[in-house]
Amino acid sequence: MTPAARCSAAIEVLADIAERRRPAADALKDWGLAHRFAGSGDRGAIASLVYDALRRRASSAWIMGAETPRAVLLGSLRLQQGLAAPSIAALFTGERFAPEPLNEAERERIANGTLADAPSEIAGDVPEWVLPSLARTLGDALLPELKALARRAPLDIRINALKRTREEALPTLAYLKAEQTPHAPAGLRIPIGADGRGPALHVEPEFLEGWYEIQDEGSQLASLLAGAMEGETVVDLCAGGGGKTLALAALTGNRARLIATDGDPRRLAPIHERLRRSGAQAEIRTPRGGRARADVLTDLDGQVDRVLVDAPCTGSGTWRRNPDAKWRLRPGSLAARIAEQEAVLDRAGLLVRPGGRIVYVTCSLLPEENDGAVSGFVERNGGGFSVVPAQAVLAEHAPGLAEAVRLTRHGLQMSPALTGTDGFYVATLERRR
């Protein structure tokens, strides 16, 4: 496919997303199935165009003066990819699968459109209703952080210490042109191409041999800050695909008792192969039954040293990777996530022993899901739990990270502009009695 034809396809996919309010991944998959002539390179390039347009949907519509899929793509070519008006016009010729030629108004907008007078939610490309919450977290850095949140995310991997150290792995992985991540001690950052895509790491021999896992540096740091120690019993309560379970196994050298579970058994499916490949050791407890699933952890109540709660959340901290999610988010969705967070925190509270700790993690920038959730849990437990100061957690587990995070009332917040990671939040609670 020509670059112009890829633009036409991206407009088609954006229209499908807008009309049916569906995830971008689903719309892209359906487009690929209906256009089997498109190769993997074409599909990848179209996906990059679509995700870039979604990252800059509001600001693109602003400078183009319209919210149509065509306008959003045009604006993103200018804002996200930095194309000048003549370069964009060369893609929009109306010739052989190319989009219709630019009209005079579009040419004028592309050449002279500006965000100088745009409100923060437009310049920062977020829904207006979440702006007050984001402002409470980000303060004076609101707009720089929102702009960073609208850029492409880096591609990070975690070297698996059960197989190799980072220093041992680097020479073999030199072909990836990897550099050490700024903060995570086992992380490497892989360059991505101009189209926003990186190499197909999941087919590389070192990946298949378990040398590394694909994991954002922020997730790696959250695992490190969990503070799991050799000899402890540690429960990963919302383990999902197991990324943090594997990280905890590597950090403890397989010398902790790790139990991984998740309220949704389907999310646990990938963990078994990942454990095999990595050499990590963990006990997987999969809930059985229908809606009223039996609790698979009751035998551990009051005995666990450390519970990692990687809580279900809006994912606002990962909007670089999932830009369509921010436009689908509604107040009702936030309320549902808050209810789920209460439930998993309360379950964690039953598991942990006196003196044990809960490490509460989200990939959210919204204080309702972070400090708000921790405050609610502490209040519900009537003094049974206390918050461990984030400064103390940092000093113990990641002293060099203190200048690269925001301290909040109860925890710490990572963010794209300040930390260079997804927007992870971490708070630690200790059971008093």
Which pair of non-hydrogen atoms, one from [X] and one from [Y], has the smallest distance, and what is that distance?
X	Y	result
Q180	E167	NE2-OE2, 4.4 Å
V405	L418	C-CD2, 3.6 Å
D324	A24	OD2-N, 2.8 Å

So, [X] side chain and [Y] main chain: donor-acceptor pair closer than 3.5 Å or not?
X	Y	answer
D52	S76	no
D371	H410	yes
S364	L366	yes
R321	P154	yes

_Counting only heavy atoms from other residues, nucleotides and ligands, does the tally under 6.0 Å from CD of E230 exceed 12?_
yes

*Out of curiosity, T419 OG1 to F424 CZ, how far, rounded to the nearest 0.5 Å?*
11.0 Å

*Are any of the side-chain nitrogens in E368 or R337 under 4.0 Å away from the carboxylate oxygens of its partner?*
no

_Closer than 4.0 angstrom, basic N to acidic O: yes or no for D422 and R320?_
yes

*Regarding R57 and the six-membered ring of W327, is the cationic atom NZ or CZ under 6.0 Å from the ring centre and inside 45° of its axis?*
yes

